[in-house]
A.B. asks: 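Before we start, here is the structure in question, set down as structure tokens.
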Amino acid sequence: MPILKLPNHLINQIAAGEVVERPASVVKELVENSLDAGAHSIQIDVMGGGGKLIRVRDDGAGIDRQELALALSRHATSKIVSLEDLEAVVSLGFRGEALPSIASVSRMTLTSRSADDDTGWQIEAAGGVLTEARPAAHARGTTVEVADLFYNTPARRRFLRTERTEFMHIERWLKRLALSRPATAFTLTHNRRPVLQLPAVAEGGQSPARIAKICGETFAEQSLFVEREAEGIALSGWIGLPTFNRSQPDLQFWFVNGRSIGDRTLAHAARHAYRDVLFHGRHPAYVLYLTVDPSTVDANAHPAKLEVRFRDGRRVHGVVSQALEQALSQTRPGGNAAATTVSGPAPARFEQAPMALGSGSPGPSRSYGPSGSSFAARPGSAAVRDGLAAYRVMADTVGGQVSEPQADLPPLGHALAQIAGTYILAENRDGLVIVDMHAAHERILYEKLKHSFADKDLVRQPLLVPVTVAVSESEANLLEQSQAMLQSIGLGVDRAGPTSLVIRELPVLLRGADAETLIRDVLADLAESGESARVEDACHDFLATMACHHSVRANRILNLEEMDALLREMERTERADQCNHGRPTWTSVSMAELDKLFLRGR
């Protein structure tokens with residue numbers, strides 16, 4: 001066939017193959033245009049899952065009459081005018097392909113009114129053919145109606161799923177866009193029934209109500225607000241507590257300069273921050289906003305603008321990971337153990353060695369363990385007499401009234417008893433606290449081992465027989481460029497040929513590890529994010545095993561001083577709300593919940 005110039009309608013349809021994947025893509029592009037136009041309120045009406053009709057109406061700046069036809073032509077945009085603008089894009093859209101691409105595969109009606117016009121103007125397009133602009137009644141802003149999507153490309157229409165599935169994708173994308181712009185109100189209807197109504201949040205204010213509406217009340221209640229700025233990178237948002245985790249990464253939202261994206265560098269940074277506090281195979285939940293200099297981000301890395309490319313991904317990864325780790329380190333009773341004031345006499349030290357636990361003899365008046373209980377059941381009337389005598393002593397001691405909890409109690413309160421040699425019961429200001437002593441002690445020991453490991457120089461051990469690993473030439477080049485970093489984490493690796501590496505040294509803690517698998521994993525991390533925490537993670541796994549084996553076991557009887565010491569250690573230990581495996585270490589039952597259990601106050 002001879003070389004021919006493609007007709008405009010075919011060019012637009014080819015572009016539509018990249019921009020318009022399904023009805024949700026249309027909603028995304030149109031709503032992004034509304035946001036770029038400064039809309040404060042956006043109404044989205046959908047019929048038949050988007051296949052029949054998509055109508056997006058906003059109160060933005062609007063389009064002048066003379067520019068209506070130009071808006072539906074290819075590569076026409078008001079968002080960039082020079083290469084400098086392209087290198088520092090701050091708008092959501094900028095290519096000028098969305099509207100003409102959508103119009104080429106649908107029947108589109110564009111109605112708009114700018115602030116300078118006395119009336120609105122309307123233009124129609126069917127299969128890329130435009131009509132003349134005509135007057136139309138319209139408030140300030142723009143309305144775009146897209147009907148019969150893919151009516152002239154039946155092959156694309158056959159690939160659409162059911163009406164319910166397509167609308168689910170629309171709703172999912174709209175929620176992402178609503179999270180990115182809390183100051184804009186959104187309303188979504190499907191087949192004339194309201195589905196989503198999100199009022200605007202005051203400019204500059206936080207949006208916990210919108211977070212709860214989109215991500216669920218449970219996430220809003222079990223999340224931490226994070227805000228940090230370092231090295232010209234600002235991070236803010238909400239991260240779910242480690243105990244609030246998911247089986248799938250379906251509640252992870254990243255926004256870079258207001259754009260919803262999926263980025264491997266950012267996802268890896270978040271996963272790295274959660275590595276010590278989650279079950280294996282579980283995923284964290286978060287809604288995070290990253291603000292960086294637009295000139296350091298390439299927003300043109302994906303046809304549908306779903307990904308970005310950072311100029312210095314390693315620096316971004318480090319700032320994000322460090323900020324999230326710091327926030328998660330405060331997941332402990334009271335949130336800030338350093339500020340906790342403990343009243344009363346200093347508790348006995350809770351020793352790390354489990355053999356020392358329970359060695360002290362419990363006090364005669366505060367012994368409530370299984371073997372020393374003041375109310376141990378004994379057959380016959382003696383048990384009744386002893387019980388009554390004990391109650392009488394208690395009544396005389398407190399004047400017949402139960403004393404109120406002290407106002408200055410520490411977050412976990414003071415220990416009362418131990419159940420089944422496994423759980424510690426304590427009372428704090430709010431009610432009852434239940435602590436899994438093995439899980440709590442495991443976290444305490446693990447954090448102490450990590451700090452000791454970090455404070456000392458990494459000890460390396462030469463391998464008796466060096467391990468040769470065959471790699472690709474690009475991986476070998478990457479290793480040569482990363483020698484300083486590999487040395488800092490205790491790996492002694494040399495290049496033995498164009499595609500050959502020799503591992504000569506490993507950290508002492510990993511002397512039994514699979515050296516070849518370890519170096520391959522490290523190289524994969526370096527290729528993906530520019531750095532690797534494989535060695536550190538492997539060392540921490542070893543330390544976690546040590547902490548598990550040396551922490552207090554179940555059925556170990558503790559006296560009250562030892563229980564109180566464990567509670568105070570928890571309040572001082574980072575990440576003490578969960579053990580090394582992600583299980584919670586403590587829970588509480590409020591007085592209101594206790595009253596409800598026993599129907600008090602009714």
Side-chain angles (χ1 to χ4, degrees), residues 215 218-226 228 235 237-254 266-288 317-338 411-412 434-454 525 533-551 566-567 569-588:
C215 301
T218 306
F219 173 78
E221 294 169 358
Q222 301 188 38
S223 61
L224 303 172
F225 182 72
V226 179
R228 183 179 180 185
L235 178 71
W238 287 261
I239 58 174
L241 294 174
T243 48
F244 180 83
N245 50 68
R246 313 280 289 183
S247 61
Q248 301 293 330
D250 57 346
L251 205 57
Q252 299 180 355
F253 300 98
W254 274 108
L266 297 177
H268 184 273
R271 192 165 62 249
H272 182 264
Y274 275 90
R275 69 193 185 281
D276 262 355
V277 291
L278 279 187
F279 272 119
H280 291 296
R282 303 294 293 181
H283 300 271
Y286 49 77
V287 179
L288 291 169
H317 183 285
V319 170
V320 170
S321 180
Q322 186 177 9
L324 297 185
E325 278 194 78
Q326 184 176 358
L328 289 170
S329 69
Q330 299 304 312
T331 53
R332 53 182 168 178
N336 185 3
L412 291 180
I434 307 171
V435 176
D436 183 336
M437 65 182 193
H438 171 74
H441 194 213
E442 185 177 359
R443 169 58 71 180
I444 292 169
L445 289 186
Y446 179 45
E447 292 297 327
K448 289 182 177 180
L449 288 172
K450 283 200 302 183
H451 285 298
S452 295
F453 175 69
D525 288 342
R534 294 282 179 173
V535 173
E536 180 185 7
D537 291 346
C539 291
H540 284 179
D541 286 343
F542 178 79
L543 297 178
T545 302
M546 290 178 58
C548 184
H549 287 294
H550 290 82
S551 58
L566 177 61
L567 300 182
E569 287 275 14
M570 289 177 65
E571 293 161 355
R572 291 189 292 266
T573 301
E574 295 180 347
R575 307 174 186 86
D577 281 355
Q578 55 281 316
C579 74
N580 316 341
H581 312 292
R583 297 195 309 269
T585 58
W586 68 283
T587 189
S588 62

A.B. asks: Locate the shortest heavy-atom distance separating A576 from T573; write the atom from each residue and the value.
C.D. replies: CB-O, 3.3 Å

A.B. asks: Whether E569 and R332 form a salt bridge (side-chain N of Lys/Arg under 4.0 Å from carboxylate O of Asp/Glu) is what I want to check.
C.D. replies: no

A.B. asks: For N245, run the side-chain hydrogen bond (donor to acceptor under 3.5 Å, both in side chains) check against R282, H283, Q578 and tell me which one passes.
C.D. replies: R282

A.B. asks: Which heavy atom in A270 sits nearest to a heavy atom in Y286, and how many Å separate them?
C.D. replies: CB-CE2, 3.6 Å

A.B. asks: Testing the basics here: between R575 and V277, what is the closest heavy-atom pair and its distance to 0.1 Å?
C.D. replies: CD-CG1, 3.7 Å

A.B. asks: Using side-chain heavy atoms (C-beta onward) and a distance below 4.5 Å, is V320 in contact with L288?
C.D. replies: no

A.B. asks: Once rounded to the nearest 0.5 Å, what's the spacing between atom CZ of R246 and atom CG of L278?
C.D. replies: 13.0 Å

A.B. asks: Would you check, one step at a time, whether the test side-chain contact (heavy atoms from CB on, under 4.5 Å) holds for R275 with E325?
C.D. replies: CA-CA 9 Å; R275 69 193 185 281; E325 278 194 78; 3.4 Å; yes

A.B. asks: Does any part of the side chain of I239, heavy atoms only, come nearer than 4.5 Å to the side chain of Y274, both counted from C-beta?
C.D. replies: yes

A.B. asks: For N580, what residues pass the side-chain contact (heavy atoms from CB on, under 4.5 Å) criterion, not counting sequence neighbours?
C.D. replies: E442, R443, Y446, A544, A547

A.B. asks: Are any side-chain N or O atoms of S321 and backbone N or O atoms of G318, one a donor and one an acceptor, separated by less than 3.5 Å?
C.D. replies: no

A.B. asks: So do L241 and T331 actually touch side chain to side chain, heavy atoms under 4.5 Å?
C.D. replies: yes

A.B. asks: What distance do L251 atom CG and T218 atom OG1 have between them, rounded to the nearest 0.5 Å?
C.D. replies: 10.5 Å

A.B. asks: Does D577 reach the side chain of P333, with side-chain heavy atoms less than 4.5 Å apart?
C.D. replies: yes

A.B. asks: Do K450 and D276 meet the salt-bridge criterion of a basic N to acidic O distance under 4.0 Å?
C.D. replies: yes

A.B. asks: For residues L224 and A327, report the shortest heavy-atom separation together with the two atoms involved.
C.D. replies: CD1-O, 3.8 Å

A.B. asks: Looking only at heavy atoms, what is the nearest atom pair of A273 and L324, with distance?
C.D. replies: CB-CB, 3.5 Å

A.B. asks: When you compare the side chain of F253 with that of C215, does any pair of heavy atoms fall below 4.5 Å?
C.D. replies: yes

A.B. asks: So, for L235 and A323, which heavy atoms are closest and what is the spacing to 0.1 Å?
C.D. replies: CD2-CB, 3.8 Å

